[in-house]
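Here's the structure, in structure tokens; my notes come after.
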Protein chains: 2
Amino acid sequence: MNVPTDKLPSLAAIKRMPMYLRVLKRMSEKAEFASATKVAEELGLEAIVVRKDLELAEVLGRPGVGYPIKDLIGGIENLLGWNNLSDAVLVGAGSLGTAILGYQGFANYGMNVVCAFDSDPAKEGSTIHNKKVLALSKMTGLVGRMHVQMGIITVPKEGAQEIADLMVAAGIRAIWNFAPIKLTVPEQVDVQNEDLAEGLAALSVKLTHKNKS
Amino acid sequence: MNVPTDKLPSLAAIKRMPMYLRVLKRMSEKAEFASATKVAEELGLEAIVVRKDLELAEVLGRPGVGYPIKDLIGGIENLLGWNNLSDAVLVGAGSLGTAILGYQGFANYGMNVVCAFDSDPAKEGSTIHNKKVLALSKMTGLVGRMHVQMGIITVPKEGAQEIADLMVAAGIRAIWNFAPIKLTVPEQVDVQNEDLAEGLAALSVKLTHKNKS
DNA sequence: TAGATTGTTAATCGATTAACAATC
DNA sequence: TAGATTGTTAATCGATTAACAATC
């Protein structure tokens with residue numbers, strides 16, 4: 001049952017979607033239609049970029065008017081799979097884990113963090129930002145029972161591979177990895193690495209370049 | 001006093017540098033030379049990518065042998081401007097701010113977070129991960145006195161623009177922004193936006209796609 | 001000498017930007 | 001009708017990948 005082979009979305013475009021979603025949700029309170037021009041202006045982008053990206057939502061726009069905002073939001077959420085929430089578990093209730101647990105609005109981003117796990121007995125049983133912290137030994141069972149698909153790794157890099165192995169064994173299919181290390185996982189498991197140092201590197205070169213010239 | 005116009009580094013390559021730095025520092029304990037082949041293997045990249053990227057460090061490699069690791073590390077740090085630490089201040093001592101203050105190894109990434117600021121009087125005077133939290137009103141003076149160049153914004157989006165304005169007025173030249181909002185700043189000020197939702201979007205489409213096919 | 005790996009030029013690929021007819 | 005904006009095709013740009021002679 002294959003759909004007509006859509007244009008395959010570029011990663012760059014996908015990464016811009018959350019930003020569109022935020023702006024569109026705000027605009028939806030005041031208007032019914034949004035033009036690419038307007039959205040671009042709000043975000044400091046070129047209108048052509050926005051128009052190309054919004055194609056991916058597969059919503060017909062009206063020349064001279066713009067796109068119906070509600071449909072656009074629906075289209076983008078559908079593209080990302082954010083129209084029905086995925087359950088996730090987080091392992092590593094340190095300060096980064098805590099920050100992520102406290103991040104408001106993952107619900108807007110298609111994700112429901114069920115609970116956290118930590119191997120430190122002192123943290124076991126506590127509650128962080130309304131999420132229970134459980135013993136790591138309970139993860140496998142819970143993930144299996146609830147068919148949790150997504151795992152978030154916020155442990156120090158030494159323990160990250162081990163946690164990834166546990167997650168994979170438990171049936172998790174996508175890993176959001178904050179440890180600065182390459183994880184080895186079976187190819188059917190998706191991994192998204194976050195590396196804060198990337199952004200800092202980008203900022204640093206700009207600053208350095210500027211100071212030189 | 002211009003250098004011979006080097007190849008201008010691509011942003012993608014720059015963002016891979018921290019990863020190289022980590023691997024090379026680890027390898028430097030055991031070996032003197034590292035080949036692009038070996039580095040690529042460690043990181044799950046293609047050797048050609050690594051070879052091209054390492055060009056930017058402007059270190060001569062030896063055919064059949066590889067690159068002198070120490071020099072390579074120096075070259076990369078020099079490229080990024082991480083050989084001499086930049087001072088930074090952080091505004092917003094919430095859970096994300098706390099996580100960043102606690103992040104070990106910014107010293108490896110060329111940055112020294114001097115202290116944090118928060119507008120909540122209850123936090124004033126406290127210490128988070130060994131960094132003092134001061135009243136926001138003290139920021140301008142401190143930044144000016146110490147010639148701090150970099151500002152980190154970890155306040156909720158409602159307050160972010162205001163903080164950016166304060167930072168700019170105080171003389172900050174680069175802003176690392178974690179609030180999900182477009183900041184308006186003079187063009188000579190660099191901004192690096194971090195948006196966790198980007199990575200989540202990328203992971204979500206992969207997962208969604210997989211579940212469909 | 002044989003094997004590995006660099007440095008560099010050229011080819012490919014993909015994403016961004018431009019152009020413009022169609023249409024609200 | 002005039003102005004704005006879409007949808008789409010083509011042109012440009014930049015990054016990745018391939019190829020290979022030079023050399024340790």
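Quick caveat: nothing in here was measured; it's all calculated off a predicted structure. Convention: sequence-line order gives letters A, B, ...; per-chain numbering from 1.
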If you go through the side-chain atoms of A/Lys38, does one of them form a donor-acceptor pair with the base of D/dT6 closer than 3.5 Å? no

Please work out the stems of DNA chain D from pairs that are Watson-Crick or G-U wobble with both distances under 3.5 Å, keeping only runs of three or more consecutive pairs. C:3-24 with D:3-24

Assess whether a salt bridge exists between A/Arg22 and B/Asp195, defined as any Lys/Arg side-chain N lying under 4.0 Å from an Asp/Glu carboxylate O. yes

[options]: which one has an atom nearest the side-chain heavy atoms of [X]?
X: A/Lys52; options: D/dA18, D/dA10, D/dG7; result: D/dA10
X: A/Ile48; options: D/dT23, C/dA19, C/dT23; result: C/dA19
X: A/Pro63; options: C/dT9, D/dA15, C/dA22; result: C/dA22

Do the side-chain N or O atoms of [X] get closer than 4.0 angstrom to the phosphate oxygens (OP1, OP2) of [N]?
X: A/Tyr67; N: D/dG7; result: yes
X: A/Ser35; N: D/dT5; result: yes
X: B/Thr37; N: C/dT5; result: yes
X: A/Arg51; N: D/dT9; result: no

Return whichever of A/Asp53 or A/Arg62 has its heavy-atom-nearest nucleotide of DNA chain C closer to the 5' end.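 This one resolves to A/Asp53.
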
Sugar-phosphate, base or nothing in reach of A/Ala36, heavy atoms under 4.0 Å: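 Result for A/Ala36 = sugar-phosphate.
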
Taking atom types as modelled and ignoring hydrogens, do the side chains of A/Tyr67 and A/Arg51 form a donor-acceptor contact shorter than 3.5 angstrom?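 Per modelled atom types, A/Tyr67 and A/Arg51 side chains form no pair under 3.5 Å.
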
Side chain A/Glu194, main chain A/Trp176, donor-acceptor under 3.5 Å: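 Flag not set: sc A/Glu194 to bb A/Trp176 has no pair under 3.5 Å.
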
